[in-house]
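First comes the structure, then the notes that go with it.
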Amino acid sequence: MTEVEFSLPDPELEQYTWVYENEHGPASQPPLTREAGFGPPPEPGAPPSRLIINGYSYFRSGPTGEMPISFDLPELGGATALETWNEKWLPQVDALFDELSGFDATTVGDGEWQEVLEHQANEFRRVFAGVHGECVLTSGQLARDFVDAYCEVLGEDRREDAHAILQGFPNRTLDRAIALWELGREVHASVGLRAAVEDAAQEGTGVGDIAFARRLEGFLEEFGHTIDAQVPDAPTWREDPRPALDLILRYADKPEDASPSRAADAQVTRRRGLEAELGALAESEQRVRELLDRLPTAQELLPVREDHNTLCDQRLGAASRYRWLSIGELLVERGLAEHAGDVFYLTLEELREALEGGSAPESRTIEERRREQAAFRAVQPPPVLGRPLAGEVSEGGVLQGTGASPGVYRGRARVIRSLAEAGRLGDGEVLVCGVTAPTWTPYFAVAGAVVTDAGGALSHTAVVAREYGIPAVVGTRTGTRAILDGALIEVDGSEGLVRLL
């Protein structure tokens, strides 16, 4: 195995704090997609704001370890963030998905590749930046402002209620979990079907039951465009449905009252009670009336965050993969690659040269890069490079983070680095990971609690944990390093503490 060393490219950069950006870039990217990502360029003479080291993204932070973000709410012409998502950006997401997923590399003529690749990259950036700038960041900021205002009016001890009043709304990740649950109920009711699904999950073959196979295909048609950790060289669920089959089997073993829809219904009930309280108080208090006026836009957080995660981030990542594979098949046809997937181990510059100049790295070089990539993903990146942050674990064995979902839970920790390892998570164990993405959501019905390195009180992990009613502590920075796999821990989602027992 290749030895992996994480070091800054220039000694001058050691004076700054560089924090592993595991919330938005949780896995090592292959050579083809190793870019510094979105964001403004650094000011003249200033150090870069981001670095890519061994395919992982690091951002230059302040002493607290927070990503420096300056954000002004955009002008949406009177529309809300959710309306802007549904009416303006979702159609453009759909169009770009169709363009990339249906891309046929054989239709590009000689001398046209530079223009084609730049057009695709620019469109991806434009749509991605528009969705996040006008919808995701906007809804997040409005929700944060509302939570702070709620606590200012009703008291800091009501922060959990401030979060709860934003929960319990329909969203696409919940739809996916419910669809998996319903397939799991079918397996639960039939010993023969369970055996067929188990065989398919182990062997990677089709399910023999024709009726169930047809319903599974319908599920994959709707929800199968997902990739673990947003890395383009990983197969989607449509290409390899074993992760979905594993979840179906997990759900088949759960009691009926563990249904994701029941958990969501509980959040709806609590939200409606809090809304009624706010409405009653608003009759006599002006400040509460102002809160009530701001509530609808703050409550767009969950549907905007989860719908864009599923329909934009995941689908466009999958569509981009399909596009690259089409180009990879062209390279194979021209004798410039042995496998379509080799395209991911060329740099973008090498790919252009291969397409226009007819020369590509040797297969030996591709294999070396493939092994190197596997080595990068087999390690846990250091949370900080350069100037260190203060230690996160006290002498008493307590890990400090952000309380994301209330409650206290004791259980065995299962440290999971990628969704490919999620099958190790036992029923009721504590999921400990760098960060969760929409693909992880169905596992919240398996876990007893969640602990992550990254995230805040309104992050994906926090929002989903509250929907499922399980304790969560996020933003520990070092949880996956400080907590040993299989260790007994106590997760206090109200206080934001993880105790190593």
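Any value given below was found using the heavy atoms of this structure, including those in side chains, with hydrogens, waters and symmetry copies removed.
A pairwise comparison of heavy atoms in V473 and G493 identifies CG2-CA, 4.0 Å as the closest pair. Listed here is the closest heavy atom pair of P243 and Y443: O-OH, 4.2 Å. Looking at every heavy atom in both residues, F97 comes nearest to L316 through N-CD2, 3.8 Å. Across all their heavy atoms, V19 and S61 have their closest contact at CG2-OG, 3.4 Å. Considering every non-hydrogen atom in both G407 and S494, the closest pair reads N-OG, 3.2 Å. The two residues I489 and V432 come nearest to each other via the heavy atoms CD1-CG2, 4.4 Å.
The main-chain N or O of A404 is never found under 3.5 Å from a side-chain atom of T402 such that the two would form a donor-acceptor pair. Side-chain atoms of T80 come within 3.5 Å of backbone atoms of E83 as a donor-acceptor pair (strictly under, hydrogens ignored). Between the side chain of R289 and the main chain of A282, a donor-acceptor pair closer than 3.5 Å is present. Panel note: side chain E222, backbone G218; no donor-acceptor pair is recorded below 3.5 Å. A donor-acceptor distance shorter than 3.5 angstrom exists from the side chain of S28 to the backbone of N54, with no hydrogens or angles considered. In this structure a side-chain-to-backbone donor-acceptor pair under 3.5 Å is missing from D307 to N171. Side chain of D453 to main chain of G479: a donor-acceptor pair is present (N/O by atom type, distance under 3.5 Å, no hydrogens or angles). With E134 contributing its side chain and A81 its backbone, the two residues share no donor-acceptor pair below 3.5 Å. Looking only at distances, a side-chain donor or acceptor of Y409 sits under 3.5 Å from a matching main-chain atom of G428. The backbone N or O of Q29 lies less than 3.5 Å from a partner atom in the side chain of R34, making a donor-acceptor pair.
Legend: residues meeting side chain to side chain donor-acceptor pair (under 3.5 Å) with R238, ordered by chain and number and at least two apart, are E217, E221. Residues passing the side chain to side chain donor-acceptor pair (under 3.5 Å) test with E285: none are found, sequence neighbours excluded.
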Practice task
Apply salt bridge (Lys or Arg N to Asp or Glu O under 4.0 Å) to the pair E421 and R424, showing each step before the final yes or no.
Solution key: CA-CA 6 Å; E421 301 179 3; R424 296 195 301 110; 3.6 Å; yes

Exercise for the section: Tell me, with the steps shown, if T452 and T480 meet side chain to side chain contact (heavy atoms under 4.5 Å, CB included). Expected result: CA-CA 7 Å; T452 66; T480 54; over 6 Å; no

Exercise for the section: Kindly indicate, with the supporting measurements, whether the criterion salt bridge (Lys or Arg N to Asp or Glu O under 4.0 Å) is fulfilled by E152 and R158. Expected result: CA-CA 9 Å; E152 183 178 336; R158 298 292 301 274; over 6 Å; no

Handout entry: V415/L484 under side chain to side chain contact (heavy atoms under 4.5 Å, CB included): CA gap, chis, key distance, verdict
Key = CA-CA 7 Å; V415 182; L484 297 178; over 6 Å; no

Handout entry: Test log, rule side chain to side chain contact (heavy atoms under 4.5 Å, CB included), inputs R172 and L311
Key = CA-CA 8 Å; R172 292 300 285 165; L311 298 176; 4.0 Å; yes

Exercise for the section: Take R271 and Q167 through the test side chain to side chain donor-acceptor pair (under 3.5 Å) and record every step on the way to the result. Expected result: CA-CA 7 Å; R271 168 174 61 81; Q167 302 287 149; over 6 Å; no

Exercise for the section: Please lay out, stage by stage, how D94 and R315 fare under the test salt bridge (Lys or Arg N to Asp or Glu O under 4.0 Å). Expected result: CA-CA 9 Å; D94 290 340; R315 286 173 72 236; 3.1 Å; yes

Exercise for the section: Would you check, one step at a time, whether the test side chain to side chain contact (heavy atoms under 4.5 Å, CB included) holds for L166 with L302? Expected result: CA-CA 7 Å; L166 307 183; L302 178 59; over 6 Å; no

Handout entry: Derivation and outcome, salt bridge (Lys or Arg N to Asp or Glu O under 4.0 Å), residues R262 and D265
Key = CA-CA 5 Å; R262 287 202 179 188; D265 289 345; over 6 Å; no

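Geometric assessment of R176 against the ring of W181 yields a negative cation-pi assignment under the 6.0 Å and 45° thresholds. A cation-pi geometry, defined here as NZ or CZ lying under 6.0 Å from the six-membered ring centre and within 45° of its normal, does not hold between R294 and F146.
Within the 4.5 Å cutoff, the side chain of P31 has no heavy atoms near those of the F344 side chain. L278 has its side chain out of reach of E275: every pair of non-hydrogen atoms, C-beta onward, lies at least 4.5 Å apart. At least one side-chain heavy atom of L76 sits under 4.5 Å from a side-chain heavy atom of P74. Between W237 and F219 the shortest side-chain heavy-atom distance falls below 4.5 Å. The side-chain heavy atoms of L174 and P170, taken from C-beta on, include no pair separated by under 4.5 Å. A 4.5 Å side-chain heavy-atom check between F59 and S49 finds every atom pair outside the cut-off.
Side-chain N/O atoms of Y251 and D246 include no donor and acceptor closer than 3.5 Å. Counted by atom type alone, T461 and S459 present zero donor-acceptor pairs between their side chains at under 3.5 Å. Under 3.5 Å, the side chains of N122 and E118 contain no donor-acceptor pair of N or O atoms. Under 3.5 Å, the side chains of Q380 and R481 contain no donor-acceptor pair of N or O atoms. Between H308 and Q314, the side chains place no donor N or O within less than 3.5 Å of an acceptor N or O (distance only, hydrogens not considered). If you check the side chains of T476 and Q400, you find no donor sitting under 3.5 Å from an acceptor. Between the side chains of Y58 and R50, not a single donor N or O lies within less than 3.5 Å of an accepting N or O. Defined by atom type and a distance below 3.5 Å, a donor-acceptor pair is missing between the side-chain atoms of E467 and Q267.
For F376 and Y56, the gap between ring centers reaches or exceeds 6.0 Å.
Atom CZ of R387 is surrounded by 12 or fewer heavy atoms from other residues, nucleotides or ligands within 6.0 Å. Counted within 6.0 Å of CD on Q286, heavy atoms from surrounding residues, nucleotides or ligands total more than 12; the atom is thus considered enclosed.
Here the OG1-CZ distance, from T173 to R305, works out to 11.0 Å after rounding to the nearest 0.5 Å. Interatomic distance, F444 CZ to L425 CG, rounded to the nearest 0.5 Å: 10.5 Å. Of the inter-residue distances, the one linking T436 atom OG1 with I416 atom CD1 reads 13.0 Å to the nearest 0.5 angstrom. Note that CG of L90 is 9.0 Å distant from SG of C312, once rounded to the nearest 0.5 Å.
Checked for salt-bridge contact, R159 and D148 meet the test: a charged N lies under 4.0 Å from a carboxylate O. Using a 4.0 Å cut-off between a side-chain N of Lys or Arg and a carboxylate O of Asp or Glu, E123 and R126 qualify as a salt bridge. With salt bridges taken as basic N to acidic carboxylate O contacts below 4.0 Å, none links E182 and R185. Between R321 and D233, none of the side-chain N atoms (NZ, or NE/NH1/NH2) sits under 4.0 Å from a carboxylate O, so this pair counts as no salt bridge.
The aromatic rings of Y322 and H225 sit perpendicular to each other, their planes meeting at more than 60°, with 30° as the lower class boundary.
For the salt bridge (Lys or Arg N to Asp or Glu O under 4.0 Å) criterion with D427, the lone passing option out of R250, R412, K254, R414 is K254.
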